[in-house]
Amino acid sequence: MGVALGTRTLDGVQLPTAGRWEIDRSHSSVEFVVRHLMVSKVRGRFGEFSGSLRIGEVPEQSSVEVVIDAAGIDTGDSSRDEHLRSADFLDVATHPTLTFRSTAVRERGGRWLVDGELTVRGVTRPVTLDVELLGVVTSPWGKQVAGFTATADIDREDFGLTWNQALETGGVLVGRKVRIELSVEAILAD
């Protein structure tokens, strides 16, 4: 089972128990933000995903794996979502999932950096998540639960998502930079 809850801390913050943790999808979110028309931002999310964390006895030996159903994209506009599922963007018919696998975990000033490989549309690129551990608690049902937030900025064109439309007034319809925002609750599985 690993180290007991409450016995491992870093700079006064309780660390999760070593072991395998499953992401609780009903209390987690995978969201993104991208510029639209150069003057506003559109927010979207992926509704279907799964993943697990392997928390090491030494935190830097931890790992993360996540699989996201690309067809589950939701921006609140069904026409836009269909376009995002098309070959112009995610091409879900050919590439049904997005994946993230960590390659290293590093601590920096009470926060964690999780280096990994993000695969979108069959293209894999390195991405670093800036992770904040929000806390570890025992739920009313006796389960250990850990909460995290994570962010990363990527250039969508690095993943082959190059579709765009020029605007008469200058600029483009869709920004290149995509902000990834994760909110994760994970439950100790073993």
Side-chain angles (χ1 to χ4, degrees), residues 20-54 62-103 105 114-132 134 145-167 171-189:
R20 188 175 57 83
W21 294 70
E22 292 294 323
I23 294 174
D24 178 358
R25 192 172 54 90
S26 65
H27 295 104
S28 301
S29 63
V30 176
E31 299 181 336
F32 61 91
V33 181
V34 65
R35 293 276 264 186
H36 182 254
L37 293 171
M38 307 292 293
V39 297
S40 65
K41 295 181 180 181
V42 170
R43 179 173 292 277
R45 66 183 305 138
F46 290 93
E48 299 292 326
F49 54 89
S50 62
S52 63
L53 298 79
R54 175 64 65 183
S62 300
S63 62
V64 178
E65 289 192 18
V66 177
V67 177
I68 301 166
D69 177 8
I73 194 167
D74 179 8
T75 64
D77 181 308
S78 60
S79 294
R80 178 174 46 223
D81 295 343
E82 284 304 314
H83 189 205
L84 291 171
R85 291 182 190 106
S86 78
D88 284 344
F89 286 97
L90 296 175
D91 192 11
V92 301
T94 306
H95 305 284
T97 61
L98 295 80
T99 61
F100 178 81
R101 285 190 174 79
S102 64
T103 57
V105 175
V114 177
D115 300 319
E117 296 178 336
L118 177 64
T119 302
V120 178
R121 196 181 158 121
V123 177
T124 302
R125 297 282 185 255
V127 170
T128 298
L129 297 172
D130 182 1
V131 179
E132 181 180 7
L134 301 177
V145 178
F148 306 86
T149 59
T151 59
D153 293 317
I154 64 170
D155 182 332
R156 67 184 179 87
E157 292 188 4
D158 289 345
F159 295 90
L161 304 174
T162 59
W163 182 92
N164 223 328
Q165 185 173 347
L167 302 174
V172 292
L173 183 65
V174 183
R176 286 179 63 165
K177 178 181 158 188
V178 177
R179 177 84 167 171
I180 298 170
E181 298 178 350
L182 309 173
S183 180
V184 175
E185 263 191 32
I187 300 171
L188 182 63

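Both backbone and side-chain heavy atoms feed into the values below; hydrogens, waters and symmetry mates do not.
- When atom types are taken as modelled, the side chain of R121 and the backbone of T94 share no donor-acceptor pair closer than 3.5 angstrom.
- Taking NZ of K177 as the reference point, atom CD1 of I154 lies at 11.5 Å (rounded to 0.5 Å).
- The shortest side-chain heavy-atom distance between D74 and R45 falls under the 4.5 Å cut-off.
- The minimum heavy-atom distance linking S63 with S102 is given by the pair CA-OG, 3.2 Å.
- At least one side-chain heavy atom of V42 sits less than 4.5 Å from a side-chain heavy atom of R80.
- Considering every non-hydrogen atom in both T103 and E117, the closest pair reads CG2-CG, 4.0 Å.
- To the nearest 0.5 Å, atom CG of residue L84 and atom OG of residue S79 are 11.0 Å apart.
- The CG atom of L98 lies 9.0 Å from the CZ atom of F159; values are rounded to the nearest 0.5 Å.
- When all heavy atoms are compared, the tightest approach of F32 to V178 is CB-CG1, 3.8 Å.
- Ring geometry for H83 versus F89: interplanar angle over 60°, hence perpendicular rather than tilted (30 to 60°).
- Of the residues V66, I23, V30, the one that meets the side-chain contact (heavy atoms from CB on, under 4.5 Å) test with L182 is V30.
- Under a 4.0 Å N-O distance rule, the pair R25/E48 qualifies as a salt bridge.
- L90 places none of its side-chain heavy atoms less than 4.5 Å from the side chain of R85.
- Between R179 and T151, some side-chain heavy-atom pair lies under the 4.5 Å cut-off.
- With a 4.5 Å cut-off on side-chain heavy atoms, V92 and I73 do not count as touching.
- Considering all non-hydrogen atoms of both residues, D24 and S26 come closest at OD1-OG, 2.8 Å.
- Nearest heavy-atom pair across F148 and V131 is CD2-CG1, 3.9 Å.
- The OG1 atom of T128 lies 11.0 Å from the CG atom of L118; values are rounded to the nearest 0.5 Å.
- The CZ atom of R54 lies 6.5 Å from the CZ atom of R20; values are rounded to the nearest 0.5 Å.
- The two residues A152 and L129 make their nearest non-hydrogen contact at CB-CD2, 3.7 Å.
- Between the side chain of D81 and the main chain of T75, a donor-acceptor pair closer than 3.5 Å is present.
- Here E157 contributes atom CD and T162 contributes atom OG1; the two are 6.0 Å apart, rounded to the nearest 0.5 Å.
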